[in-house]
Amino acid sequence: MKYPFKEIEEKWRKRWEDNKTYKTDLTEKEKAIYTLVMFIYPSGSKLHCGHWYNYGPTDSWARLKKLQGYNVFEPMGYDAFGLPAENYAIKTGVHPQDSTFENIKDIRAQLKKMGCMYDWDAELMTCVPEYYKWNQWLFLQMYKKGLAYRKKAPVNWCPDCQTVLANEQVHGEGECERCGTMVEQKNLTQWFLKITDYADELLDGLKTIDWPEKTKVMQEHWIGKSYGAEVKFKLDGREDELTVFTTRPDTLFGATYMVLSPEHPLVEEITIKENLTAVQEYKEKVKSLSEIDRSSTSKEKTGVNTGAFAINPATGKKIPVWIADYVLMTYGTGAIMAVPGQDERDWAFAEQFDLPIIRTVQVPEGWEGKAYTEDGPAINSEFLNGLRVQDAKKKMSDWLVEKGLGESKVNFRLRDWLISRQRYWGTPIPILYCEKCGETPVPEDQLPVELPYKVEFKHDGGSPLASNEGFVNTTCPTCGGPAKRDVDTMDTFVDSSWYYLRYLNPKFIEGAFDTELGKRWTPIDMYVGGAEHATMHLLYARFVHKFLRDQGLVDCDEPFKRLIHQGTITNAGAKMSKSKGNVVNPDGFIEEYGSDVFRMYLMFMGPYELGGDWSDKGIVGVDRFVQRAYAIVKDNKNVMKHGRLKEKFEVAELSDEEKSVYRKVNQTVEKVSYEVEHFHFNTAVAALMELQNELAKNLEECSKEMKAYTLARFVTLLAPLAPHMGEECWQILGNEKGLYDNPVWFEVDAEGLVVDSVTVVVQVNGKVRAKLDLPVDKEQAEVKGLVFANDNVIAHTESKEIIKEIYIKNKIYNIVVKG
RNA sequence: GCGAGAAUGGCGGAAUUGGUAGACGCGCUAGUCUUAGGAACUAGUAUUCGGAAGGAUGUGGGGGUUCGAGUCCCCCUUCUCGCACCA
């Protein structure tokens, strides 16, 4: 009979739900493990292969831990605010709240079919006041500490999403993280969270967490810490100064001109009359340039002379001040000292505009390049001459401090997190503006500031909340006078930066989360999600966690101790997406093979972190495996019921077949435990297939006790990967209690692993010439005779001079000959 | 341009510290059973020479270290990802 997956999967899902098998007792800290996948965005489309690929294997890891006796907490929820629902509303008129709730209903049903051990009592969604109230609370805590502030700044504006974006949300060559549209710059007043206050700690903390190296490198680069100095340059004939940041203070003597970013506030002021038109034209031109044009490294350098001069503080000489688009207002001070001798960009610029070049580092002999950025002795630099770069930097920095011309300075690439969004479907920012008192935070006891249902969704750039008079107009909590609410909402990454704490008790009303549980259950032991969040969600969450720690609300420094990225499943080489129409729908496979087979096939496809191109070619292989496994178990119905189960066998007393089975099953217990633990699901499945091949060959010849011993292990190993089937088989073997209600995991019998004979390969000059089956641990002297008795070995060594013999016990016997 | 990773049969992919390359699965070939099978089972399956025994070649390309290299070192090619004038 074919494995009736449909009935069986339904039967166990119902049983698990009825028994609350996966309800975690969070007060029990003993052997606690918090497993988390990034929560799901409830879009209108169905769960696709990517979701299954993310959630299924992660759940198998959690199930392994559960069977091993850990108290595992694995929740699931909905990242329910966000643009797509709102865009859908603009298109169809269906309110985001209605469509979101509807989608959540569908997705919940689909998630349940996967058969993951989610603790459904911990389910949460971010779009309800019970949740977003605490986003507002979090904002106010930061506000109190001066970490939430408003400023006018050049911000990234996505014309398609009609909203501003944080720096992290601008990708590649300047396109919007969500829609890929080219982002524009606008000068607007917006709310920021001061993530830069934590820059150093965010950087240092990376050393303490078990994350993929490339993700840590990305964050490191994103934070972009660099050591250098700030140097003040007097402007010729003016009172004000220009401050630059440089990582190479040692090259100051070679600074032959300066460059300001076109957006630099002093540009217009210092430009001489004759050059003003050119400068303004250039500024206009830069403004209209796309980010691609401006950031292209290969393009010719452009710029305009302001006509103003600054004084090089080291040489006392007048140097010209230019503006150029290669200097960015958002990095450093928006101004640089140009040292063409030691900087490639400056060299290119100097060449372009015929500006002087002075080398201040001796180039090595035979150097034919242009700018020289490596180490070497200083030249043309008076008191620095002869010093290597490191020492020259130090000496120059000291000199600058002494003369009051500058100071050592650490600079970061990391910018503050812009959280205002000119959109409706998000958390209202709990700030109001009073005519008398000005910017006023909403008192905590008046939270939540509820998102009104009735607004107009227009795709025209204004915040939709502005259209609801009842929302906008309010009274000032300080003076009672009329006030207006902030009509922007928060970036949804605020929601996801602390949700893992809310899971611990989503109904908690006394605070954002139960701090007692928060302290017990963080950091999260295993976090699994896409690599695309490397510098957004995963950075924000670390920041917020550290902030909460400083508030005394959690104890640990990092939220996610161990992180794994699932690979991407592509289709015909392309990322699956609705717009490309290449999304593979899992439903058909679930229908045909069941969810256990489908998730096991996803695991079997290849290394979890690599992903791969979708193909259904091999799924029949996994299905056959499951069918055979089921048949073997059925043939041995109730085998665990009769008599006491043996925990260990004396290998010496076993028949050859039993010995073979006994060894294989113990090897498999060891292998599967290790591989699943390390997210190597493909090899875990392969190991189980190997065991099954062994069972097909030899199980019939085994004693009943051995059959019970073996099948008990086979089924428990199978259970994390194919949970419904594991339970069913466990029951067929004669167990009354469910496997996940009464977790069982078997220890390896080390003696069962011991092999008594090994194949030793005999090589002559590194080529395999014979294979000998020998008892283990034979000494060379004992093996030698056998080796040289082998016909093929004789044929290859005869009449040749033996130079050397290498023997590695139980492995290899290599003979080196000459002639 | 810089940084990281990858390249193994017809295909997806295995391979502790260097020690039998190709586990496991798909596909394919032959056979068994069957009214039939795109079912199930059994055997085979890197390439190549050979009737066989056995030999030669083989982990993107080239060099090196070693008794021995998919694995370590150097150079190159291709692909994927990330960053992109960061001062």
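Below, read A as the first sequence line, B as the second, and so on, with proteins coming before strands; counting in each chain starts at 1.
Between the side chains of A:Asn411 and A:Ser226, no donor N or O sits under 3.5 Å from an acceptor N or O. A donor-acceptor contact closer than 3.5 angstrom is absent between the side chains of A:Gln763 and A:Tyr813. Side-chain contact of A:Asp346 with A:Tyr326: a donor-acceptor pair under 3.5 Å is present, judged by distance alone. Counting only N and O atoms by type, the side chains of A:Thr360 and A:Gln342 include a donor and acceptor under 3.5 Å apart. A donor-acceptor pair shorter than 3.5 Å can be found between the side chains of A:Arg542 and A:Gln219. Side-chain contact check for A:Ser757 and A:Asp773: no donor-acceptor pair (N or O, by modelled atom type) lies under 3.5 Å.
Residue whose closest nucleotide on RNA chain B sits further toward the 5' end, between A:Ala686 and A:Asn682: A:Asn682. Each of A:Ile812 and A:Gly332 has a nearest nucleotide on RNA chain B; the 5'-most of these lies closest to A:Ile812.
Contact annotation: the side chain of A:Val816 approaches that of A:Ile806 to within less than 4.5 Å [non-hydrogen atoms, C-beta and beyond].
If you check B:G27, B:G12, B:U20 against the side chain of A:Val620, the one that comes closest is B:G27. With B:G82, B:A56, B:C85 as the choices, the nucleotide that has an atom nearest any side-chain atom of A:Met218 turns out to be B:G82. In the set B:A87, B:C85, B:U20, B:A87 carries the atom at the smallest distance from any side-chain atom of A:Phe245. For A:Asp325, taking side-chain heavy atoms from C-beta onward, the closest of the listed nucleotides B:A56, B:C85, B:C86 is B:C85. Out of B:G55, B:A21, B:C86, the shortest distance to the side chain of A:Arg769 is found at B:G55. Nearest to the side chain of A:Pro607, among B:C86, B:G55, B:G13, sits B:G13. Proximity note for A:Lys301 (side chain, C-beta onward) versus B:A87, B:G13, B:C85: the nearest is B:C85.
We find that CG of A:Leu260 is positioned 13 Å from C1' of B:A87, with the value rounded to whole Å. The distance from atom CD of A:Gln219 to atom P of B:A4 is 18 Å, rounded to the nearest whole Å. Separating the CZ atom of A:Phe625 from the P atom of B:C41 is a distance of 13 Å, rounded to the nearest angstrom. With rounding to whole Å, A:Glu220 atom CD is found 17 Å from B:C86 atom P. Separating the CD atom of A:Glu609 from the P atom of B:A4 is a distance of 19 Å, rounded to the nearest angstrom. In this structure, the NZ atom of A:Lys664 is 10 Å from the C1' atom of B:C24, given to the nearest Å. Separating the CE atom of A:Met603 from the P atom of B:C26 is a distance of 18 Å, rounded to the nearest angstrom.
Base pairing annotation: B:A36 forms no Watson-Crick or G-U wobble pair, as no partner gives both donor-acceptor distances under 3.5 Å. Nucleotide B:A6 forms a Watson-Crick or G-U wobble pair with B:U78, both donor-acceptor distances falling under 3.5 Å. When both pairing distances are held under 3.5 Å, B:A53 makes no Watson-Crick or G-U pair with any nucleotide shown. Checking B:U59 for Watson-Crick or G-U wobble geometry (two distances, each under 3.5 Å) identifies no partner in any strand.
Taking the centre and axis of the six-membered ring of A:Trp52, the NZ or CZ atom of A:Arg599 falls outside the cone set by 45° and 6.0 Å.
Scanning for salt bridge (Lys or Arg N to Asp or Glu O under 4.0 Å) contacts around A:Lys225 gives A:Asp200, with sequence neighbours left out. Applying the side-chain hydrogen bond (donor to acceptor under 3.5 Å, both in side chains) test to A:Asn810 and every residue at least two apart in sequence or in another chain returns A:Asp777.
Annotation: B:C79 and B:G27 have their C1' atoms spaced 26 Å apart (nearest Å). When the C1' atom is compared between B:G37 and B:C33, the two are found 12 Å apart, to the nearest whole Å. For the C1' atoms, the distance from B:A46 to B:G58 is 8 Å, rounded to whole Å. A distance of about 27 Å separates the P atoms of B:G82 and B:C74, rounded to the whole Å. Between B:G13 and B:G25, the two C1' atoms lie 9 Å apart (nearest whole Å). Only the C1' atoms considered, B:A53 is 37 Å distant from B:U17, to the nearest whole Å. Nucleotides B:A87 and B:A6 have their C1' atoms positioned 34 Å apart, rounded to a whole Å. Between the P atoms of B:C76 and B:C11, the separation comes to 29 Å (whole Å).
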Which pairs, protein N/O on one side and nucleotides 57-60 of chain B N/O on the other, fall under 3.5 Å?
residue: B:U57; atom: OP2; partner: A:Lys767; partner atom: NZ; Å: 3.3

Please enumerate all protein N or O atoms sitting under 3.5 Å from an N or O of nucleotides 15-17 of chain B, with distances to 0.1 Å.
residue: B:U17; atom: O4; partner: A:Lys811; partner atom: NZ; Å: 2.9

List, with names and distances, any nitrogen or oxygen atoms from the protein found under 3.5 Å away from nitrogen or oxygen atoms belonging to nucleotides 63-69 of chain B.
residue: B:C67; atom: OP1; partner: A:Lys804; partner atom: NZ; Å: 3.2
residue: B:C67; atom: O2'; partner: A:Asn814; partner atom: ND2; Å: 3.3
residue: B:C67; atom: O2; partner: A:Asn814; partner atom: ND2; Å: 2.7

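At a threshold of 4.0 angstrom between heavy atoms, the contacts of A:His796 are confined to the sugar-phosphate backbone, with no base atom among them. Residue A:Arg415 is classed as having no contact, given no heavy-atom separation below 4.0 Å to the nucleic acid. Within 4.0 Å (heavy atoms only), A:Thr759 reaches at least one base atom of the nucleic acid. Residue A:Lys617 is in sugar-phosphate contact alone, with no base atom involved, counting any heavy-atom pair closer than 4.0 Å across all strands shown. A:Asn792 comes within contact range of the sugar-phosphate backbone alone, with a heavy-atom separation under 4.0 Å but no base atom that close.
The only option from A:Phe5, A:Phe589, A:Tyr53 that meets the ring-ring contact (aromatic ring centres under 6.0 Å, His included) definition with A:Phe598 turns out to be A:Phe589.
A donor-acceptor contact shorter than 3.5 Å links the side chain of A:His565 to the backbone of A:Gly529.
Aromatic pair A:Phe604/A:Phe625: ring centres not closer than 6.0 Å. In this structure, A:Phe353 has its ring center closer than 6.0 angstrom to the ring center of A:Trp322.
Residue A:Arg624 places none of its side-chain N or O atoms closer than 4.0 Å to OP1 or OP2 of B:G25. Proximity of A:Arg628 to the phosphate of B:C41: a side-chain N or O atom is located under 4.0 Å from OP1 or OP2.
Not a single donor-acceptor contact under 3.5 angstrom links the side-chain atoms of A:Lys214 to the base of B:C81.
Of the residues in residues 688-699 of chain A, those placing a heavy atom less than 4.0 Å from an atom of RNA chain B are A:Met689, A:Glu690, A:Asn693, in numerical order.
A salt bridge between A:Glu351 and A:Lys301 is absent, with no side-chain N of the basic residue lying under 4.0 Å from a carboxylate O of the acidic one. The existence of a salt bridge linking A:Glu694 and A:Lys664 is excluded, since no basic side-chain nitrogen approaches an acidic carboxylate oxygen closer than 4.0 Å. Between A:Glu779 and A:Lys809, at least one side-chain nitrogen of the basic residue sits less than 4.0 Å from a carboxylate oxygen of the acidic one, meeting the salt-bridge criterion.
Surrounding CD of A:Glu344 are at most 12 heavy atoms belonging to other residues, nucleotides or ligands under 6.0 Å away.
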